[in-house]
Amino acid sequence: MGEAPAGVKKFDGTEPSGCSFWRLAASGRVFYTVPENHFNCAVGAYTHNIALSPERERETEQTLKMMFELGYVKPEEVPKIPRLAKGPAAIVYAPLGVTPTAPDVVLFACKPAGAMLLSEAANRAGIGSGAPALGRPTCMALPASMQMGAILSLGCVGNRVYTGLGEDEMYFVVRGKDVGAVVEALMVITSANAALHEYAAGRRSLLATV
């Protein structure tokens with residue numbers, strides 16, 4: 001999240017939310033956005049510390065008012081939502097394997113069993129945040145991870161609509177600089193889980209009477 005890199009295409013079009021760009025990157029696209037591309041998402045603009053125009057600020061107030069009235073979020077919760085310390089000039093989105101720049105943060109959409117393995121690997125590598133799994137808004141997991149370390153995110157309703165995240169999926173979020181350590185630890189964790197699976201299956205077979 002910084003200046004626009006040379007050779008990367010600027011996003012052309014509109015999306016309803018900041019997390020909509022996750023869906024595009026997951027489909028294989030490589031591009032970057034500028035703050036104006038995020039103006040349709042009041043919540044995402046807040047977590048990304050993107051300043052809105054006065055007109056868009058009024059839309060943000062209306063969106064928050066609706067969420068308050070629905071009981072979705074309480075007013076006192078808003079200041080506690082993690083956000084970037086500084087608004088980005090540009091944000092690059094890409095699949096991890098072809099990213100043109102070193103990523104600040106990496107998102108894994110996975111089933112709970114996979115998220116558990118990644119979380120265990122992060123803890124083994126010493127880069128787990130120690131925070132509980134985050135709820136809404138999902139986009140706060142990005143600044144939270146950048147500030148604290150690896151994060152589990154349950155995926156809020158808006159994110160699931162905008163990204164197509166499955167009902168049986170959630171997110172594991174890790175700082176880009178920590179990916180190598182997680183991969184290394186994951187090899188140990190995967191082997192350990194396989195052995196423990198056999199151990200638990202044997203105990204269940206021997207000891208379960210119902």
Side-chain angles (χ1 to χ4, degrees), residues 1-5 8-27 29-94 99 101 103-109 129 131 133-148 151-165 170-176:
M1 298 181 185
E3 297 297 327
V8 178
K9 183 180 178 180
K10 181 179 180 297
F11 174 75
D12 180 23
T14 62
E15 288 292 336
S17 71
C19 59
S20 295
F21 299 118
W22 305 1
R23 169 177 49 82
L24 300 181
S27 71
R29 293 181 58 178
V30 179
F31 60 94
Y32 74 89
T33 63
V34 294
E36 291 78 8
N37 296 132
H38 297 257
F39 281 2
N40 285 334
C41 184
V43 176
Y46 179 84
T47 61
H48 283 55
N49 203 356
I50 293 174
L52 299 175
S53 65
E55 178 182 349
R56 293 298 181 134
E57 283 284 5
R58 287 191 291 274
E59 291 179 15
T60 297
E61 294 173 2
Q62 293 170 356
T63 300
L64 289 175
K65 183 175 182 291
M66 175 189 67
M67 291 182 175
F68 296 156
E69 291 175 347
L70 289 171
Y72 185 67
V73 64
K74 297 178 180 179
E76 59 267 28
E77 293 181 75
V78 175
K80 301 176 184 178
I81 295 175
R83 63 192 310 210
L84 294 178
K86 180 182 178 181
I91 305 175
V92 176
Y93 295 87
T99 179
T101 61
D104 292 302
V105 65
V106 177
L107 286 145
F108 295 89
S129 66
L134 300 183
R136 79 286 186 274
T138 303
C139 54
M140 73 177 174
L142 303 184
S145 179
M146 292 172 67
Q147 295 164 14
M148 298 185 291
I151 289 280
L152 287 168
S153 175
L154 301 176
C156 64
V157 62
N159 176 270
R160 291 181 180 277
V161 171
Y162 294 136
T163 67
L165 185 74
M170 60 187 297
Y171 293 106
F172 176 77
V173 189
V174 61
R175 293 175 297 206

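Reckoned from all heavy atoms, side chains included, excluding hydrogens, waters and symmetry mates.
Note that CZ of R83 is 14.0 Å distant from CE of M146, once rounded to the nearest 0.5 Å. Note that the CZ atom of R175 and the OG atom of S129 stand 9.0 Å from one another [nearest 0.5 Å]. Put simply, CG on L134 and CG on L142 are 10.5 Å apart, with the number rounded to the nearest 0.5 Å. Remark: R136 CZ to L154 CG distance equals 11.0 Å, nearest 0.5 Å. Once rounded to the nearest 0.5 Å, the distance linking CG of L52 with OH of Y46 reads 12.0 Å. Atom CD of E77 sits about 9.0 Å away from atom CZ of F68, to the nearest 0.5 Å.
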Give the intermediate values and the outcome of side chain to side chain contact (heavy atoms under 4.5 Å, CB included) for residues E15 and L24. CA-CA 10 Å; E15 288 292 336; L24 300 181; 3.9 Å; yes

Dump the intermediate steps for side chain to side chain contact (heavy atoms under 4.5 Å, CB included) on L165 and N159, then the final yes or no. CA-CA 7 Å; L165 185 74; N159 176 270; 4.1 Å; yes

What do the steps show when you test K80 against K74 for side chain to side chain contact (heavy atoms under 4.5 Å, CB included), and what is the final call? CA-CA 11 Å; K80 301 176 184 178; K74 297 178 180 179; over 6 Å; no

I would like to know whether I91 and F21 meet side chain to side chain contact (heavy atoms under 4.5 Å, CB included); could you show each step before the answer? CA-CA 10 Å; I91 305 175; F21 299 118; over 6 Å; no

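The two atoms that bring P16 and C41 nearest to each other are O-CB, 3.8 Å, heavy atoms only. Scanning all heavy atoms of the two residues, the minimum distance from P35 to P88 falls at CG-O, 3.4 Å. When all heavy atoms of S153 and T138 are compared, the pair lying nearest together is OG-CG2, 3.5 Å. Residues A131 and M148 come closest through the heavy atom pair CB-CE, 4.4 Å. For T47 against P137, the heavy-atom pair with the smallest separation is CG2-CG, 4.2 Å. Across M140 and P82, no two heavy atoms sit closer than the pair SD-CD, 3.5 Å.
More than 12 heavy-atom neighbours from other residues, nucleotides or ligands sit within 6.0 angstrom of NZ on K10.
In this structure, V92 and P5 have side chains that are in contact, with non-hydrogen atoms separated by less than 4.5 Å.
Considering Y162, Y171, Y93 as possible partners of W22, the one that fulfils the ring pair (Phe, Tyr, Trp, His ring centres under 6.0 Å) test is Y171.
One N or O on the side chain of R160 and one on the backbone of G155 form a donor-acceptor pair closer than 3.5 Å. The main-chain N or O of A94 is never found under 3.5 Å from a side-chain atom of T99 such that the two would form a donor-acceptor pair.
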